Amino acid sequence: MVRSIFNDIRFFECLDSTNLYVKEEAVRGSCEGLVAVADYQTAGRGRLDRKWEAPKGSGLLFSILFRPDLEEEQLFLCTNVVALAAREACQSVAGVQVDIKWPNDLLIHEKKLAGILAEVVREPVGFEGNSVRWPAVVVGIGINLSTSGPESASGIGLEKARGYSVDREALLSAVLDGLCDRYGLLGNSAGRAQLHDEYIDKCKTIGKRVRVDLGERALVGQALGLSPNGQLILQDDRETIEIAVGDVVHLRLND
Ligand code: BT5
């Protein structure tokens, strides 16, 4: 597999956050394809100022810089390609079934194996660097290996699920290979349709009864599908709604 764009891979023993590092690089005008990997993060971040916690060397933690040729409303699709590539890589390296929970989690038996954080970086005012595409998108992922995350999160690690250790570099390599294949598809509508179909197929949320926490309110309904730009289509008892961001809980029939 020729990994055409993800060639600048930087390994760190410790960073505050791989997303913060890559965002700073994006602001400096670094090229698409930069990957930063850390053994440990002192300020690993989730969405909405939540934390991502993983003891040193216990997970695969990395962030990728994209400069996608996409419309603003399509930028979210970068999260989806990372989720698809990481799901496939975890499954093939560890031989366990891994599912996607919309919008940004990988699950094994409904337990959180990995979380993804995508952030958009706008062109800084007065930017005078080389001609790179804006906005940039930084997508970071934390995949649990020997850790299951904090107790309160009731997550799971790939090594526990598999029963023996996982080669971190082999896993990284598998994610980047899968990403390279899929990222190329994002640039045209036929490719995006193919990715959409793959996401629907692998996303456990679709078809389920779910609760979506939107911060100020929560919706309960049936997850019908995904819009072409990656929004969740939810049917509640009154209407069909497209949701761009939210925390999903998969409900059981009697919930
Ligand atoms: C996420 O946020 O799931 C996105 C996490 C992204 C982490 C990566 S690591 C590399 C890169 N650099 C960063 O700084 N971040 C990215 P969210 O959906 O908000 O979930 C956060 C919640 O997951 C926390 O509030 C905990 O409940 C739970 N959690 C934290 N650490 C966990 C872990 N190791 N395993 C499972 N759950 C965890």
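Quick caveat: nothing in here was measured; it's all calculated off a predicted structure. Atoms within each ligand, like the ligands themselves, are counted from 1 in listed order.
Ranking the protein heavy atoms by distance from atom 19 (O) of ligand 1 puts R50 NE, 2.7 Å first. Residue, atom and distance of the protein heavy atom nearest to atom 23 (O) of ligand 1 are K112 NZ, 3.7 Å. Residue, atom and distance of the protein heavy atom nearest to atom 5 (C) of ligand 1 are W52 CE3, 3.5 Å. Here the protein heavy atom with the shortest distance to atom 15 (N) of ligand 1 is R45 O, 2.8 Å. Considering only non-hydrogen protein atoms, atom 34 (N) of ligand 1 sits nearest to E53 O, 2.8 Å. The protein heavy-atom contact nearest to atom 35 (N) of ligand 1 is N144 ND2, 2.8 Å. Among protein heavy atoms, atom 28 (C) of ligand 1 sits closest to A153 CB, 3.7 Å. With respect to atom 9 (S) of ligand 1, the closest heavy atom belonging to the protein is Q41 NE2, 3.5 Å.
Applying the side-chain hydrogen bond (donor to acceptor under 3.5 Å, both in side chains) test between H250 and each of K208, E110, K204 identifies E110 as the sole match.
Contact annotation: L48 has no heavy atom less than 4.0 Å from any atom of ligand 1. Using a 4.0 Å heavy-atom cutoff, S63 is listed among the residues neighbouring ligand 1. Residue contact annotation: T147 has no non-hydrogen atom under 4.0 Å from ligand 1.
Within ligand 1, counting atoms from 1 as listed, the ones closer than 4.0 Å to a heavy atom of T18 are 10 (C), 11 (C), 12 (N). The contact set between ligand 1 and G44, taken as ligand atoms under 4.0 Å from a residue heavy atom, comprises 14 (O).
For N104, every heavy-atom contact with ligand 1 shorter than 4.0 Å involves the side chain, none the backbone.
In the model, T42 has no side-chain atom that pairs as donor or acceptor with a side-chain atom of D16 under 3.5 Å. Side-chain contact of Q235 with T240: a donor-acceptor pair under 3.5 Å is present, judged by distance alone. When only modelled atom types and interatomic distance are considered, Q194 and Y199 share no side-chain donor-acceptor pair under 3.5 Å.
The aromatic rings of Y183 and F66 sit tilted, their planes meeting at an angle between 30° and 60°.
The cluster map of Ile, Leu, Val, Met, Phe, Trp and Tyr, joined by side-chain heavy atoms under 4.5 Å apart, puts L34 and V82 in different clusters.
For atom 22 (C) of ligand 1, the candidate residues are K101, R47, K51, K23; the nearest heavy-atom contact is made by K51.
Looking at K111 and D105, no side-chain N of the basic residue comes within less than 4.0 Å of a carboxylate O on the acidic one, giving no salt bridge. One finds no salt bridge joining E123 and R133 here, because no Lys/Arg side-chain nitrogen approaches an Asp/Glu carboxylate oxygen to under 4.0 Å. Taking 4.0 Å as the cut-off between side-chain N and carboxylate O, K202 and D197 do not count as a salt-bridged pair.
Between F12 and Y40, the distance from one ring center to the other does not fall under 6.0 angstrom.
Taking any N or O of D247, backbone or side chain, none lies under 3.5 Å from an N or O belonging to ligand 1.
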